[in-house]
Number of protein chains: 2
Amino acid sequence: MEERVEISILLDLYGELLTDKQKEIMNLYYNDDFSLSELSEMCNTSRQAIHDIIKRCHKILLDYEAKLKLMEKSNDIGNMKTELLLNLIKAKKSNNIDTLNSIIDKLIDLVEKNL
Amino acid sequence: MEERVEISILLDLYGELLTDKQKEIMNLYYNDDFSLSELSEMCNTSRQAIHDIIKRCHKILLDYEAKLKLMEKSNDIGNMKTELLLNLIKAKKSNNIDTLNSIIDKLIDLVEKNL
């Protein structure tokens with residue numbers, strides 16, 4: 001996964017665990033595409049200070065992910081959703097009671113084991 | 001929800017964010033039913049010190065839940081699982097293609113909106 005996308009997802013999952021200032025800087029940098037120079041001007045500090053905050057927050061987010069694995073779990077649920085929908089649409093298209101029943105058995109198994 | 005059950009669930013969700021010692025004491029107290037006296041003896045400290053650790057950890061767990069709401073989300077997914085299974089079993093029992101198709105429409109809607 002591209003690093004910017006990954007950090008944006010981690011921010012969504014763990015942003016509430018950062019301080020308000022950290023969260024704002026990370027959101028402006030990763031979600032609103034502000035540059036280091038713009039942020040340093042806005043916060044009345046050096047580019048280096050902003051760079052350090054971003055680097056530190058990135059590490060904090062990765063540490064939370066290493067412990068709670070919410071991104072990993074959210075990917076699993078996303079895959080499960082795709083699998084469920086694909087099978088439900090296949091069932092709908094089949095219009096045959098035996099095929100429908102066999103897809104439903106598969107779905108019951110899928111939901112019981114993975115959700 | 002009974003407090004002991006709630007804390008046990010919170011420990012499952014956020015235990016990794018406690019220190020090893022905090023996690024161990026909380027697990028022994030809430031999951032393995034050790035008493036304050038047994039824990040104070042085991043850790044070579046006072047009952048009051050153990051009581052304070054447990055109280056502080058409970059607050060830490062509640063603070064994480066207030067920010068990340070993982071217990072709330074996990075309840076939502078649990079309810080979703082029950083709803084999916086109930087409908088799949090109803091579909092299986094109906095053995096009628098129109099009923100089956102209408103339940104499948106309902107399930108597609110449920111998965112798209114809630115998962």
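Letters A, B, ... are given to chains in the order of the sequence lines, protein chains preceding strands, and every chain is numbered from 1.
- When the candidates A/Asn95, A/Ile103, A/Ile89, A/Ile77 are compared by the number of heavy-atom contacts under 4.5 Å with chain B, A/Asn95 comes out ahead.
- Using a 4.5 Å cut-off between heavy atoms, A/Leu13 contacts chain B through its backbone alone, with no side-chain atom that close.
- In this pair, A/Tyr64 and B/Tyr64 present their aromatic rings perpendicular. The plane angle is above 60°, beyond the 30 to 60° band.
- Salt bridge present: B/Asp33 and B/Arg4 bring a charged side-chain N and a carboxylate O closer than 4.0 Å.
- Looking at A/Leu88, the atoms closer than 4.5 Å to chain B (heavy atoms on both sides) sit in the backbone and in the side chain alike.
- Within the structure, the side-chain hydrogen bond (donor to acceptor under 3.5 Å, both in side chains) test picks out no pair touching residues 77-86 of chain A (sequence neighbours left out).
- Side chain of A/Gln22 to backbone of A/Thr19: a donor-acceptor contact under 3.5 angstrom is found.
- Using a 4.0 Å cut-off between charged side-chain N and carboxylate O, A/Lys69 and B/Glu16 make no salt bridge.
- Looking at B/Asn96, the atoms closer than 4.5 Å to chain A (heavy atoms on both sides) all sit in the backbone: N, CA, C or O.
- Contact annotation for B/Leu68: only side-chain heavy atoms (C-beta onward) come within less than 4.5 Å of a heavy atom of chain A.
- Only the side chain of A/Leu100 comes within contact range of chain B, with heavy atoms under 4.5 Å apart.
- Heavy atoms closer than 4.5 Å to chain A are found in the side chain of B/Leu84, but not in its backbone.
- Ranked by heavy-atom pairs under 4.5 Å with chain A, the list B/Asp63, B/Leu17, B/Asp105, B/Leu70 is led by B/Leu17.
- B/Tyr30 contributes no side-chain N or O that, together with a main-chain N or O of B/Glu6, makes up a donor-acceptor pair within less than 3.5 Å.
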